[in-house]
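One structure is given below, encoded as structure tokens.
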Amino acid sequence: MNTLQIKHIKLVRANRQLLDVSNLATHSGELIAILGPNGAGKSSLLKVISGEWHAQAADILIHGRSRQQWARNQLAGHLGVLPQSSSLNFPFTVEEVVLMGAIPLALSRQEARIKAQQLMQTTDTSQFADRLYTSLSGGERQRVQLARVLLQLSQAQSAPVLLLDEPLSAQDLSQQHQLMSLMQQLAHQQQATILVVLHDLNHALRYADRIWLMNSGHLCADGAPSDILQPDKIAELWGYRPQLLTGEHHSAVLY
Amino acid sequence: MIQNKKILAGLLACLVIIIASISSLISGPMAIPAVQSLLAVLDLISGGQLNSLNAHQTIVVQELRLPRTLLALFLGALLAVCGAVTQGVFRNPLADPGVIGVSSGAGLGAALAIVVFPTSLAFISTPLAAFVGGLLTTLLVYRLAQSSEGTSVLILLLAGIAISAFTGAVVGFLSFIANDQALRDLTLWGMGSLSGANFRHVALTGISCIILLFFYMKHASALNALLLGEAEAHHLGIDVERVKLRLILLTAAGIGIAVSMAGMIGFIGLVVPHLIRLTLGPDHRYLLPLSALTGAALLLIADIVARQVLAPAELPVGLLTALIGAPFFAALLLQQRRRLSLI
């Protein structure tokens, strides 16, 4: 069964059509990178899928069920969103923030703590478990939020869906690669479906199984990274023609 | 470890409440020994003949000091939890119902009820009108200050100034047109004092305090999630709009009742949750009950001091809490200044 099935989405805001997409489906174990120039509708797409924004039409099935057919807590256990940034302004410790991922779950306090500690290891945040979240840098905060979202999805009965909106912007080079390989691992080993909005085409080439290319609210290509990220296509969308380097294991875009 | 710290803090607050209650029962112009005062209370509870006090002393304890003590405790708890929840819903540690104008709105409602419907139903009509006034102001302030980034502190505070100025003018106008009896009631009420406490006040405040705390506790996790951000709370499976509406309604009711009982008693809702967050963290599952206990202790102590400072005359307790609270608020502003410019 498809993890996500987007039959039709149409989003109009302030008399501007932001999104008009139809007939998209994802499978479990897939890491999909969403690419496109600014204003293409990448973030809007994630916001409509997550239910944060109401669209004029949003015919979306999650594991074959529409949003209304899910209990709120159950849906939260299967569909997670990593926010771009958080406006948390209260002095919670890092561990407390991670544990908030257990709010929709039926875990005992002790179970939740053990799971949280594991996930802080995974996201490389356990060294500041007792520090205040507000004292962390942007990149550290994002990894804490990731641990929280992973806890939220940790009890999913069928393949969870994780949405990430530009998760790499506050991370340095090695952290970017760590995060992307963690996402790849989650997809390939734990059969999660991951939708990630990226700016760096090279990350997409290297880690994604599939690319959704968007432009002015439409999906203009859906396929394997090496098929889609061709110089002609890139020039058409971004107005800049890069060079493509093809290596033995993976290729890279030079710009 | 941290768990123990929270339990310890709760026990400490309970201890302070017990000591303060005893000293509240024995302090006043009429000297009544401690043991006798307690016996008078037990006498009231058991309906028996435990009491060795004379009739005057019994009346003083049972009908003046006991209701006043209980009212101070429940009112302090009510104000503190309403403050904590307001800060949670607005996602802002400076959002006190008094500072952002909600209490003024409730005050205007109460004043209208006192002057326009000076009926024998005042017992119900005043809290009800205060509730409506508080609710309308909360919704107004919320509409004004809300954005996707949270709430703007600047707009919150400016809205508070505007609303207080407006309600001040209307209350002034009301006292101008009021008849003698209404004017007397209005003035007495406006001083923010617990001196008129009776058992009807205690019952209404106590019941609403317990009901409010019960519902707030049911939403404690949702409040924590709300602090992450509204979108994040939504993704955690929380029906954000519904939870917010419920909490706003409950808080308006709490503030309405508090204001109609004892006028403006400011800053308890700001100082108490802040102190708890500072020492034990912002987790609402602990913040709410501990704020209730600490708020109860603080208002009772403030009331005892207010009764003693100028004895036999007494200071309105609202004056005293403002005297402590306003500098505290200024210090908090100073401390938060850097962060404020970001919102």
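No more than 12 heavy atoms of other residues, nucleotides or ligands sit less than 6.0 Å from atom CZ of A:Arg113.
Residues B:Asn224 and A:Phe90 have side chains not in contact (no heavy-atom distance under 4.5 Å, counting atoms from C-beta outward).
When all heavy atoms are compared, the tightest approach of B:Pro282 to A:Pro91 is CD-O, 3.3 Å.
At a 4.5 Å heavy-atom cutoff, the contact between A:Ile103 and chain B is made by side-chain atoms alone.
Contacts with chain A (heavy atom to heavy atom, under 4.5 Å) involve no residue of residues 242-258 of chain B. Against chain B, the residues from residues 49-61 of chain A that qualify, each with a non-hydrogen atom under 4.5 angstrom away, are A:Ser50, A:Gly51, A:Glu52 in number order. Within residues 141-163 of chain A, the residues having any heavy atom closer than 4.5 Å to a heavy atom of chain B are A:Gln145, A:Arg148, A:Gln152, listed by residue number. Among the residues in residues 233-241 of chain B, those with a non-hydrogen atom closer than 4.5 angstrom to a non-hydrogen atom of chain A are B:His234, B:His235, B:Leu236, B:Gly237, B:Ile238, B:Asp239.
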- Task: For B:Leu227 and A:Asn89, run side-chain contact (heavy atoms from CB on, under 4.5 Å): C-alpha distance rounded to whole Å, both residues' side-chain angles, the deciding distance at 0.1 Å, then the answer.
- Result: CA-CA 7 Å; B:Leu227 295 186; A:Asn89 193 16; over 6 Å; no
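Comparing A:Gly101, A:Gly77, A:Gly80, A:Ala76 by heavy-atom pairs within less than 4.5 Å of chain B, the highest count is held by A:Ala76.
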